Amino acid sequence: MLLAILVLPLLAAGALWSVPAVIGDRLAAAYGSVISGLVLVGSVLLWPQNGGWFAYGPQDEPRTEIDVAWIPSLGVRFHLGVDSISVPLIVLTALLTFLCCLYSLKITPRIGRTRSLIALLLVIETGVIGTFSALDLVLFFVCFEIVLIPMWLVIDIWGDHHDPAGRKRAANTFVLMTVFGSALMLLGFLLVQRVAGTLDIVELTSSPVRGGHGIPLVAALLIAVGLAVKVPLWPLHIWLPDAHAKAPTVGSVLLAGVLLKLGTYGMIRILVPVLPDATATIAPYLGAFSTVAIVAGSLACLAQTDVKRLIAYSSVGHMGFIGLGISTLSPAGLRGALFANIAHGLITGLLFFLAGAIKDRHDTSDLRTIGRALYARLPRIAALLTFACLASLGLPGLAGFWGEMLVLLGAYHPAPWLPRTTFLVFMVIAGLGTVLTAAYFLRLVRNLCQGDPAENPPAAFAVDLSRIELVTWAPLITLTVLLGVWPGLLLQQWGAL
Amino acid sequence: MIATVWRVAGVGFSLLILLFAALLYGATPDQYAFMNSQVGDLTIGFAVRTDDLTVLLLAVVGVIATCVQVYSLGYLHQRPASYHALVALFTAAMVTVVISDSLFFLLIGWEVMGACSYLLIGHYWERRDARSGAVKAFLMTRFADVGFLFGIFVLGLGAHTFRISEIDPARISPGVLTTGTLLLLVGVVGKSAQVPLQTWLPDAMPGPSPVSALIHAATMVAAGVFLIARLYTVFSASETTLTVLAIVACVTMLFAALCASAAIEVKRVLAWSTVSQLAIMFSALSLGTADGRHAALFHLVTHAAFKGLLFLCAGVLLHQVGSAALVVLRRYTRRGKSRKALQVTFLTMTVGLAALAGVPGFAGFFSKDTVIEAAWEQAHDGSAVGWVVLLSVCLTAALTAFYCVRLWLWTFFRTPALAGGIGAFEDGDAAADLDEPDSSKLRDAPWVMLAPLVLLAVAAIALGYADGVHLNWVIGLISTALVLLGALPAYSLWRRGADPRPLLLEREFGADPAYHGLVVVPVRWLAKLTVAGDRDVIGAYVRAVGRTGTLASQGFRRMQTGNVQTYLTAAVIGVVALAVLAGVIGS
Amino acid sequence: MTTALFSVASVVAVVASVVVVVSRRIVHAALWLVLALGAVAGCFGALQAEFVALVQILVYVGAIVVLVLFALMLTKAPTNPLPELTTRRSPFAAVVAAVLALILGTGVVLAFGNEKVKPVTDGSATTIGTQIFKNWVLPFEVLSVLLLAALIGAIALSQRSDSAQRSDSAQRKKED
Amino acid sequence: MPLVLPLLLAVVLFCIGVYGVLARRNVITMLMSFELMLNAVNLNLVAFDAWRVDEATGQTLAIFVITLAAAEIGLGLAIVLLLFRGHGHVDADAARDLEEAS
Amino acid sequence: MTLTWTDWQAIAVPLVLAIGAVAVLLVDSFWRSASAELRHTVVTLLTSVVILFGLVFVWAHRDDFKPAFCRPAVEGPAQCSLVFEPLTAGLWAVLLIGGLGVVGLSAYRLLAADVPIGEYHFLLLSALTGATVLAGARDLATLVIALEVVSLPSFAMVALRRDRRGSEGAMKAFLVSVLSTAVMLFGVSYLYGVTGSLYLSTIANRLTGLDPDLARVAFAAGLFVIVGFAFKIAAVPFHAWLPDTYVGAPVEVTTFLAVVSKSAGVAGLLVLVTSGIAPDGSQLQTVIAILAAVTMTVGNLAALRQVEAVRLLAWSSIGQVGFLLAPLAVDNAQAVVGYLAAYVVVTLGAFGAVAVVQRHRPAGLLTDYRGMVRSEPGLAAALIFFLVVLAGLPPGLAGLFTKFAAFQAVIDGHLGWLAIVMAVNVMIGLAVYLRWIAELFRLPADDPFSVDIETPAVTMISLCTAVAAVLSVLPSIMFALAT
């Protein structure tokens, strides 16, 4: 099943490219929807039958689907498998891709060429699912990189049509920074291999590389920096606002909803279990940078004038929470990070959909140009935006809360070998960060949705929520509420983390 | 259509709450946990419970919510669907807080209330003051809730459970207990708008009046009192927390009462009075005795009735007159016009103000006396807290009487000293009073609005006797004297047409500008700094790398002169350099 | 005796080579090259490598220098002195060469300063022929490929291509 | 005879050759300088051979080098003639058609 | 010494190549009656057959170990001039595949019209002969002469169009090459002086345990020899001739230089290093590492702003050489050969695509490729694939894994700083290729490139794509070449 959902989109993308361009954009989107829908079904079938199966230790094996030698001379294996950490993320990926394809049925970037866009989305899906299911460090690296070129194309071709130079720069910065980071990560992997003699994650997890200094520390640092670029952690986040702001709607959704998770997933999957001692050494610094990210991201949001950039910066803050959760190395913190991963994917995906919808209607994402009083002009979209903002600022009862809460709980009670006082300081600062988060989202709502309708004439052709938008966004809204009121849905999966 | 559905649903939901309260009345206390999940060695999940406190609060919430929903049918014509839905959600959130037995479940209700209050205060989002008031309300309570969340962590981890019924103060180390309760107290202070987080509540007044009634009478602000009552065993186990609570409460009640005395808008007066009255409840709770808790809850219930009533009355004024500012209302007082036109409103508001002021016979009188009595007993036992509470409650009682009478007189009665009356609220515009407003269309509100008023007015009287009258006559006399002490100056000032408002009070002790200068401005600066830093520091590095690459590229291109002998020279130099370099690196 | 002979030859060789690289007349340089190569052949002789010396004279002086002279004529090199026969970088080049010489010379003196050579006669054609055909067959064979390839390459380059001829004639016509 | 004598001569010849290659503009004179360098190599080989007193390996290689030089100069002159045909001169310094456009 | 059967077997491939070269020349010269097309076809076929024979031979004997031209040594193992072993087989396979690819690219209608066909193929086969001998050579004399056999015909080929640009390019390459030969020979002479032998194995034996003064000379000698090779493979700072020559030569010859000539140089250097001329931890390894670092950085940086396709490929091939040198510095033959294999295949493909475009748009600017994804999707897809392999990013897994192997080798060789430099260069390299890829996707201002592509080009490019794709899916093939 796993292999099927990996290969299916890839083959489908190939097929889509090989057919001549005569097939219409609608048909291509429908085709993409069907394929990604199948993948979604498949990924849901991966969902564990009974909870609490997870291999962070030697006691349980992850559900391995495939394990064959790939390049024996380099010690690389083609080893795929899933466990409760990866399955929710895979489902999230499949869901968001499906929704993006569905969205493309009606709403596509102005540049056109939807056929290629759909194909690229499918390739991205393969890469991301591959990363989430890779159990070999090199395979992880490979899948990690698969995503880059398609995403680069998506930003470079379908990006903001007002600013060709800007979107090119954004795409290049994105891809180059990530590649540099992942090259460093690869170095870290190789150091791990030199010490441990294997690249297999399962083996490495059951017999981790001990020692918090010397080569393990260097390896951990390299891996952490590589993943931090992807996360992205302050101060390596500089690629993110541009990339998100310039990307087309579906690109932003996937970028924020899925791609950012690769970094945090890598930390949880590789850094923490494989290099436990070295990770403990760097954890306070990771936590510090994450905390700075939370505050800096929120502060930057407060001064943004572009709605997509604002949401992008908000991702910096949210990913900071996830980083902080990981750095606590505690059960609560790690679970919080995992939960926040999913929640952020749903909520920020929704936010970018909404921002895209607003941008499409006004042909700009600049707050001042869009004007205010969206409540009057686009009441439904504005209401959904408010909802998404509330969810994103971590309102209890919605999905965003539990991740942040568990992260803070983890910071209150970090792993015993970490300096507790430091993490208490992080917790307090992060807590204040949540207030700042609320502040900028309220500012967004205030500047965008509220205001005197008389002074803000409605844009021409501005139609409120269309049917396709409702259909694509409904699952995200539903899941946001569902996970908000029933966090156990996910938390129960991570039995013995 | 949708609006109608939500209207019906709103009213129905409130009635449902009442029904539940009725059903649960007298039932044995019970708890039920659900949807739990294990996180490490902690259990995170939900739980509900029923006990007397739940039933009491459910009843209060149910009644007030029903009144508000019904009242809103007549009051609100703008965007009713979202309004009714949000009020229902608001109520539901309060119900969640009330029935919850899990700290996290409670937190959900607690913060959803914050969000709903934000949305409802910003209901008239066209208005600037509504927008900023809403944001302010949310952010201040959010800030406090961070403390609340940390308090949950401290207490929960200290007690190894997040179930309220399982938290046993005896098993928590004192330090943790104090820290936890103090942090929880931060949340309570924020939610109930106590000093120093008081400024959001008066600014929340641009919201629709029924919402104000809901917030002030039954939901949001009362949640703080409820929470301490719910966790009373825990709070009373920590001496420090109680002392802090007492200090906060005493400062707040005086502070707010003073502010109320200088406010020139009906709703703002009422808002400050709420703060003050809540502080009285907190002061009762801070005594740490069962009597104190009882007194606080009693006051909570009566306060719910008369404060809900007062806000709904203010709503009528707003609805029928168009404004609740004293200067506007003044114009309708000629020949008792407003009294006659708004007869029911006048009467019920009189009842409400009397109850608030603690006029003997009205509910507020009894409940306040219970508080004083509890404080007295405590003070009698030699507790300093008791004395402080006693004194400040007494002082507050007098102040309350003062601003109630002031409000009543200035709203409904024409001052004998006419010119001074004008000058009291509107400087120098003598013609304003002569400009007779068109009061011919002024008539009382429709029955859907009046019925809740009457109901609540009855309650504002009757609830005083619901607890069984066991009045300490001494205290009763003293408090009556205090009421008089407060009422007489107000009357005398009114007679003279003077309304002295010290600048300090009118500016509400300058808390708002101070917060603005201390928090908002620096944060804005920091935000600008961050963006500039991103652009000019971090971004500059990235750009510099790119630029360096380009420059280097151009440089290498420049070196490619096409002259083969340059190449050869470079190569030979390279040989020499390599020899030297390898020697250096190798050794 | 051999030392003296060698010294004389080497002095001649150095002087002649210096003239080769500084002379302003290209043809003179070529002729000085003959002298330098001859002197080196003398050095070989002094080192008892007679076969190498002979081959040196035959191949270099007899063939290569003649080739060079032909090339000079074909490229219409003037026989009068030219002011710009060296580049402007020549002082720099001299410094580079001097530094290189210094480094290498020091290294050589340090390494082989105390060694003596006692030349014995093993440089006869027989010895070398035996060597080549006994031990160095492969390089010898490859060398033959090299010579052939160089030859064919030189011929191929010297031929005029059809299109070049055509364009040349066209150009000439235009000039007329 | 001290070994350094031929070795130093070789060094000097080699460096004179290097100077010639770097400083002379005419390609043919550059080729002449190359010949000087190769002669330096041969001197080294023969000297080391004499010092080592082995089976004339060095001299054999010297013969090879001479042949190699012949092959090189042959092809080189062909290229020079071609250059002359195209450019009208044999100035290494001035053949700069292929420089990178800036 | 007499030639044994083993000797013949070991040199069978070079021998056949040499004979084939002569045969090709004869056929072309003495069959003047046939039309040019026919002669071209026959010559191409003949050349291909010869090379294919070599490939088959290598495949059949891939696991053999055949020392040839040996003589017993005074100490240590026998001294041999040429050894056929798995490493040799791997290198030969790479070289022959490269040669075959160039032949395919030069097939009828692609080669510039004024290049003499017979001589061209003769020179090509001669150079291949030299390259194969070079990869198997185990003594310095053979090594140096074989290297010349690779170089001189290549320069002749550069000038074979006999025009202004070609001659200038050839002149530059030639001058640099001659200087490098002189330098290398100077080094060889010292190596001989210090160790008294020309056989690599003996030299490696005697190099250990020299006294410091001699060791210094030996270091200089080794440095000179390595520098000689560095000239040939255009490692910075000995690279400057390369862009000019690449641009001056016909595209097919440029391909030959980039594929065969360069691989031969790398093979020679690899032979030197694996034979122990630069023992572990010696300063010579540091020299190679420095060369690698400088080469990849300068190559990639300079490629960053190029506007011509060939020049970009030229600079990027310098960058790739840096990556090749990195595992070479730590004596990891497997990584080098694997890298070389992937490099050869995709370079062939990329130059093939460039040849097609250049034929119709002689300027060869990157902007000429604008909009090709739309107008020539097949060619564009192939080109993108090649570039991505060169950049080392998925889907070009062949490039990714060879880079990975290089990283692994460097890390295992404890050269952390070099690994970091390589990581930086992966980024710069990607920036280089992305510029080109972006052009392919950009919507054209005027008419986009669209032609009927010549059949041999289609065949060649499809073959390269197929091979690169196979190598991407099963990268172990590449790494099996040298084990």
Side-chain angles (χ1 to χ4, degrees), chain A residues 172-173 177 234-235 237-239 241 295-296 298-304 330-332 335 373 375-376 383 386 390 393 395-397 401-402 405-406 408-409 412-413 427-428 431-432 434-436 438-440 442-443 446 449-454 484-488 490-492 494-495 497, chain B residues 35-42 44-46 79 82 93 96 104-105 107-112 114-115 118-119 122 125-128 130-132 134-135 138-139 142-143 145-147 149-150 152-154 156-157 523-524 526-535 537-539 541-542 545-546:
Chain A
N172 285 341
T173 316
M177 283 189 78
W234 189 90
H237 65 281
I238 202 72
W239 62 267
V295 176
S298 311
L299 283 175
C301 281
L302 271 176
Q304 290 304 319
S330 65
R335 277 188 182 71
Y375 276 147
T386 311
L390 287 176
L393 63 81
L395 188 74
F401 166 70
W402 294 103
M405 187 280 283
L406 285 171
L408 292 175
L409 184 59
Y412 177 69
H413 197 65
M427 176 187 79
V428 172
L432 294 179
T434 62
V435 182
L436 285 176
Y440 67 74
L442 295 192
R443 178 178 165 274
R446 182 173 172 183
C449 298
Q450 304 176 336
D452 191 352
V485 296
W486 190 14
L490 279 176
L491 287 179
Q492 277 165 3
W494 302 313
L497 192 69
Chain B
M35 295 208 286
N36 284 321
S37 35
Q38 209 63 28
V39 172
D41 50 355
L42 298 168
I44 288 180
F46 302 142
R79 299 186 281 276
S82 71
T96 310
F104 287 116
F105 196 38
L107 185 66
I108 289 182
W110 185 265
E111 291 222 34
V112 168
Y118 159 73
L119 293 169
W125 40 258
E126 303 88 342
R127 289 168 49 188
R128 189 186 181 78
R131 292 199 293 267
S132 53
V135 170
F138 193 83
L139 286 186
R142 177 85 186 168
F143 171 76
D145 289 346
V146 173
L149 182 64
F150 292 165
I152 291 180
F153 291 166
V154 176
L157 283 178
V523 164
R524 277 196 192 140
L526 278 176
K528 289 216 176 85
L529 202 67
T530 314
V531 169
D534 259 14
R535 191 184 57 232
V537 181
I538 303 172
Y541 286 136
V542 175
V545 168

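Because the structure is predicted, anything quoted here is derived from the model rather than measured.
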Using heavy-atom distances under 4.5 Å, tell me whether [X] contacts chain B through its side chain, its backbone, both, or neither.
X: A/S298; value: neither
X: A/W234; value: side chain
X: A/A383; value: neither
X: A/L490; value: neither
X: A/Y440; value: neither
X: A/Y412; value: side chain

For this session: Only counting residues at least two apart or in another chain, list the ones meeting salt bridge (charged side-chain N to carboxylate O under 4.0 Å, His left out) with B/R127.
Result: B/D129

Among [options], single out the residue with the greatest number of heavy-atom pairs under 4.5 Å to chain B.
options: A/Y375, A/W239, A/F401; value: A/Y375
options: A/P241, A/A332, A/A438; value: A/A438
options: A/R443, A/M427, A/H413; value: A/M427
options: A/C301, A/P487, A/G397, A/C449; value: A/G397
options: A/L390, A/T434, A/L302, A/V295; value: A/T434
options: A/L395, A/L409, A/V428; value: A/L409

Side chain, backbone, both or neither: which part of [X] has a non-hydrogen atom closer than 4.5 Å to chain A?
X: B/L149; value: side chain
X: B/V154; value: both
X: B/F105; value: neither

Exercise. Are the side chain of A/W402 and the backbone N or O of A/G484 linked by a donor-acceptor pair below 3.5 Å?
Worked result: yes

